[in-house]
Colleague: 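Let me give you the structure first, and then I'll get to my questions.
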Amino acid sequence: MERTSQISGFYKLDLNGRLNIVKAFANLTDEEVEQLTSTTSLKMDLADKMIENVIGIMPVPLLINGRDYLIPMAIEEPSVVAAASNAAKMARVKGGFFTSSTEPVMIAQIQVTRLSDPHRARIEVFRRGDEILQLANQQDPFLISLGGGARSVGARVIPTSRGEMLVVELYVDCKDAMGANVVNTMAEAVAGYIEEITGGVVLLRIVSNLATLRLARASAVFDRETVGGEQVVDSILDAYAFAEADPYRCATHNKGVMNGITAVVLATGNDTRAIEAGAHAYAAIGGKYHPLTKWEKNSDGDLVGSIEVPMAVGLVGGATKSNPIAKICTKIIGAKNSRELGEVIAAVGLAQNFAALRALATEGIQKGHMKLHARNIAIMAGATGKLIDKVATKMVEEKKVRVDRAKEILDELREQGK
Ligand code: MEV
């Protein structure tokens with residue numbers, strides 16, 4: 001199957017229909033399909049009733065830079081995948097998502113303490129920069145052979161509650177690795193030399209998860225009429241202004257962004273905590289906590305969204321290559337390098353935020369949530385097969401989504417032989 005074809009009505013297909021599409025789209029082998037469906041601890045038909053677009057891990061069709069992607073998401077919250085799919089469909093009207101990213105440069109920090117003259121020490125670090133880089137780059141010849149490695153050295157004197165300290169930083173192009181291992185090894189390797197040239201005592205030698213040199217960016221235009229008209233566009237902008245002005249709302253706004261980001265990070269076997277830490281620290285950079293996305297209106301009255309977020313994800317190392325499901329998910333996305341993967345993830349975060357803001361600014365999120373939640377409650381009450389949707393629909397109509405009511409409805413339906 002061509003990777004450029006639009007996958008419309010994906011969510012309407014049954015489990016096998018969706019699996020077949022993903023299989024053809026990503027050239028999965030029979031064995032990979034088998035792994036995808038059997039490794040999950042949930043029974044597949046049960047999972048299919050709990051969350052949308054199930055294929056073992058849930059893929060969302062997104063158009064990015066003119067190319068179609070199927071993006072697997074691993075998440076427990078039922079409405080997230082449907083919301084991302086819906087947002088992705090709306091973005092297509094104006095060409096989908098457009099992305100870019102920086103080089104995959106990670107920062108390693110080396111903390112130098114007990115310095116009587118930290119400013120002289122800082123200058124000394126810069127003077128010996130080449131030697132420090134040389135030492136760092138001896139640690140990973142394979143990374144160097146791929147064109148990566150430590151690129152430059154930084155040094156800052158910081159005031160702390162225990163006096164001034166020197167922070168030496170290595171800026172390392174990690175290519176397709178997430179990079180924490182690589183940069184930690186380098187930081188440990190140069191520590192002795194840094195003690196020697198500064199006269200201080202090195203304490204911590206560790207990656208920074210605030211990966212400001214490894215950013216992924218995405219933007220999309222959402223057609224005014226598709227979004228629901230001028231009033232909906234303005235309401236979304238009001239919702240965004242609320243997040244910009246108030247940290248209590250902003251945390252939830254960013255949580256919505258991270259619903260999308262974390263789900264793909266997890267599906268691809270990357271480090272969700274590193275990404276979460278980096279995203280929230282980036283949102284607070286400069287001292288005020290900001291939304292990770294920005295929303296504006298263009299001269300045609302369309303809604304325009306953008307996102308910029310640290311994105312330390314890899315395609316090699318860690319669980320990305322060793323966990324079979326993560327490996328298959330990465331294959332489904334089909335990113336050629338870690339930058340492309342990061343850009344795809346940023347686009348999903350933007351899509352997710354759009355979907356949440358649109359729902360919140362219009363009918364509220366509970367209607368959609370309750371419909372999906374009701375299916376889970378119906379399953380808990382013992383409903384199977386077609387009865388799940390029947391019980392769920394009745395509970396939503398009655399606005400009584402509870403296990404005891406689900407059991408009553410189930411008994412009634414069974415008595416009627418339905
Ligand atoms: C729920 O998981 C995410 C939302 O709360 C995000 C938001 O409020 O923007 C809907």
Side-chain angles (χ1 to χ4, degrees), residues 11 47 50-54 57-60 62 71-91 97 218-220 222 227-228 231-267 272-273 275-280 282-284 288-297 303-309 345-377 396 401:
Y11 72 97
M50 291 170 69
I51 183 160
E52 324 75 8
N53 290 3
V54 160
I57 297 277
M58 292 40 96
V60 169
L62 235 70
I71 301 167
M73 300 174 79
I75 189 156
E76 87 300 342
E77 192 174 325
S79 57
V80 165
V81 182
S85 295
N86 200 19
K89 211 155 67 187
M90 290 194 183
F97 294 82
S219 67
F222 293 87
V227 166
Q231 205 188 327
V232 178
V233 170
D234 284 338
S235 298
I236 292 174
L237 292 176
D238 286 341
Y240 167 62
F242 181 14
E244 186 56 87
D246 178 53
Y248 288 88
R249 170 57 205 152
C250 195
T252 322
H253 177 106
N254 286 343
K255 190 269 185 183
V257 174
M258 299 313 287
N259 272 345
I261 289 182
T262 306
V264 189
V265 171
L266 183 60
T272 53
R273 288 85 56 219
I275 296 297
E276 293 271 352
H280 290 290
Y282 194 64
K288 183 178 179 282
Y289 186 65
H290 291 280
L292 288 163
T293 52
K294 295 209 179 304
W295 291 98
E296 310 160 297
K297 189 158 63 167
L303 182 70
V304 186
S306 51
I307 184 169
E308 182 181 78
V309 67
I345 295 173
V348 177
L350 183 61
Q352 206 71 57
N353 182 227
F354 165 77
L357 293 185
R358 183 168 176 272
L360 287 166
T362 54
E363 63 176 19
I365 58 158
Q366 278 314 84
K367 200 168 157 198
H369 266 198
M370 285 322 274
K371 229 160 80 189
L372 294 161
H373 177 59
R375 296 172 103 196
N376 288 347
I377 298 292
V396 171
V401 183

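Values reported hereafter were calculated over all heavy atoms of this structure, with side chains retained and with hydrogens, waters and symmetry mates removed. Counting starts at 1 for both ligands and their atoms, in listed order.
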Colleague: Using the ring of each side chain (for Trp, its six-membered ring), is W295 parallel, tilted or perpendicular to F354, with breaks at 30° and 60°?
Modeller: tilted

Colleague: Taking the side chain as C-beta and beyond, is there a heavy-atom pair between M258 and I275 under 4.5 Å?
Modeller: yes

Colleague: Assess, by modelled atom type and distance only, whether the side chains of H253 and Y240 contain a donor and an acceptor separated by less than 3.5 Å.
Modeller: no

Colleague: Measuring only between side-chain heavy atoms, which start at C-beta, is E77 closer than 4.5 Å to N259?
Modeller: yes

Colleague: Under the side chain to side chain donor-acceptor pair (under 3.5 Å) rule, collect the residues that match up with H290, sequence neighbours excluded.
Modeller: E244

Colleague: Anything with a heavy atom under 4.0 Å from ligand 1 counts, so go ahead and list those protein residues by chain and number.
Modeller: E77, R249, T252, H253, K255, G256, N259, A356, L360, I365

Colleague: Looking at side-chain heavy atoms only, is the closest gap between L266 and I75 below 4.5 Å?
Modeller: no

